[in-house]
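A short worksheet on the structure shown next.
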Amino acid sequence: MTQPHPATQDPLGPADPRFLDRPSPTVAPDLLGRILVSERPDGRVAVRITEVEAYTGLEDPASHAYRGRTARNAVMFGPPGFVYVYFTYGMHYCMNLVTGPGDTAGAVLLRAGEVVEGLELARYRRPSARSDTELAQGPARLTQALGVGREQNGEPVPGPVFQLLPGAPAAAPELIRQGPRTGVAQGADTPYRFWLDGEPTVSPYRRHVPRRARTSGGKG
DNA sequence: TGTAGGATTACCT
DNA sequence: GGTAATCCTACAG
């Protein structure tokens, strides 16, 4: 279930405009170890990315883009280099980087990271975190630690809010692992989840569990 | 217009 | 280990 990822031969740096204009399964491992900076009115938080998932668009039954363009996923169908933020489970936001090639609705979900700047602000934003490891351990936690919500949907990367830095250093290729995506109902066997081996911020893998049918007359 | 279910998390035993 | 929370989205009728 876990396998090493064949390292990219000639990876582009995140400052290169072509960095995100590639298929998402290629971009995803190249994001590991990079630094994502979030500049918000209340301050600046940066995370070192440790876990991601690739979604490939119309061909991918697990992608929000699978059923075509809607108001919700419109950003994914635009050019690479923008953030796609979505709301889920009635309370959480998660963020993606829209990738290429071109307008193919590819995206990489940012699943976990290590807060490397703005620890105090991240702790304030994530009061339920019992340790700094939990500040950005999980896609909704990472989004909350960065102060990202619905208003950041469609923000450019790089841009005034988000910056993607090389990392110091970027992930060592031999530490990159690859396996099935977490929590998705369809396409769960496609090994498009990438993470850094040994990182405590990587969220534990969970298979998708179908919601139990509501009982008629019961609550809900 | 109604309804089922979700790229999750926190808290319970 | 299990499940409630909570509302938006997509889709059927």
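In what follows, chains are A, B, ... by sequence order, proteins preceding strands, each numbered from 1. Quantities reported herein were computed from a predicted structural model and do not represent experimental measurements.
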Nearest whole Å is fine: how far is [N] [atom2] from [X] [atom1]?
X	N	atom1	atom2	value
A:L142	B:dT8	CG	P	13 Å
A:H64	B:dG6	NE2	C1'	7 Å
A:N73	B:dG6	CG	P	17 Å
A:Q144	B:dA10	CD	P	7 Å
A:E51	B:dA7	CD	P	16 Å
A:Y89	B:dA4	OH	C1'	13 Å

Checking all strands, does [X] fall into the base, sugar-phosphate, or nothing category for heavy-atom contacts under 4.0 angstrom?
X	answer
A:R181	nothing
A:R130	nothing
A:A140	sugar-phosphate

Closest to side chain of [X], choosing from [options]:
X	options	answer
A:M91	C:dT6, B:dG6, C:dC7	C:dT6
A:H92	B:dA7, C:dT9, B:dT8	B:dT8
A:R150	B:dA7, C:dC8, B:dT8	C:dC8
A:F87	B:dA10, C:dC7, B:dT8	C:dC7

Taking OP1 and OP2 of [N], is either one under 4.0 Å from a side-chain nitrogen or oxygen of [X]?
X	N	result
A:S128	B:dA10	yes
A:R111	B:dT8	yes
A:T70	C:dA10	yes
A:R67	C:dC11	yes
A:R141	B:dA10	yes

Original post:
In a check of side-chain contact (heavy atoms from CB on, under 4.5 Å) between A:V148 and each of A:V45, A:L142, A:T143, which one passes?
Top reply: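 For A:V148, the side-chain contact (heavy atoms from CB on, under 4.5 Å) test succeeds with only one of A:V45, A:L142, A:T143, which is A:T143.
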
Original post:
A:R125 side chain to A:A145 main-chain N or O, any donor-acceptor pair under 3.5 Å?
Top reply: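 At least one qualifying donor-acceptor pair exists.
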
Original post:
Are there more than 12 heavy atoms of other residues, nucleotides or ligands under 6.0 Å from atom CG of A:D42?
Top reply: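 For A:D42, atom CG is crowded (more than 12 foreign heavy atoms under 6.0 Å).
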
**OP:** Apply the salt bridge (Lys or Arg N to Asp or Glu O under 4.0 Å) test between A:E199 and each candidate in A:R48, A:R177, A:R111; give the one that qualifies.
**Re:**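 Among the candidates, only A:R48 passes.
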
Subject >> N/O donor-acceptor pair, side chain A:Y86 with base B:dA7, under 3.5 angstrom >> reply: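 Looking at the base of B:dA7, it does pair with a donor or acceptor on the side chain of A:Y86 (distance under 3.5 Å).
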
Original post:
Across all strands shown, which nucleotide pairs with B:dC12 by Watson-Crick or G-U wobble geometry, both distances under 3.5 Å?
Top reply: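 Across any shown strand, B:dC12 pairs with C:dG1.
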
**OP:** Classify the ring geometry between A:Y84 and A:H64 as parallel (under 30°), tilted (30 to 60°) or perpendicular (over 60°).
**Re:**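 Perpendicular, since the angle between the ring planes exceeds 60°.
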
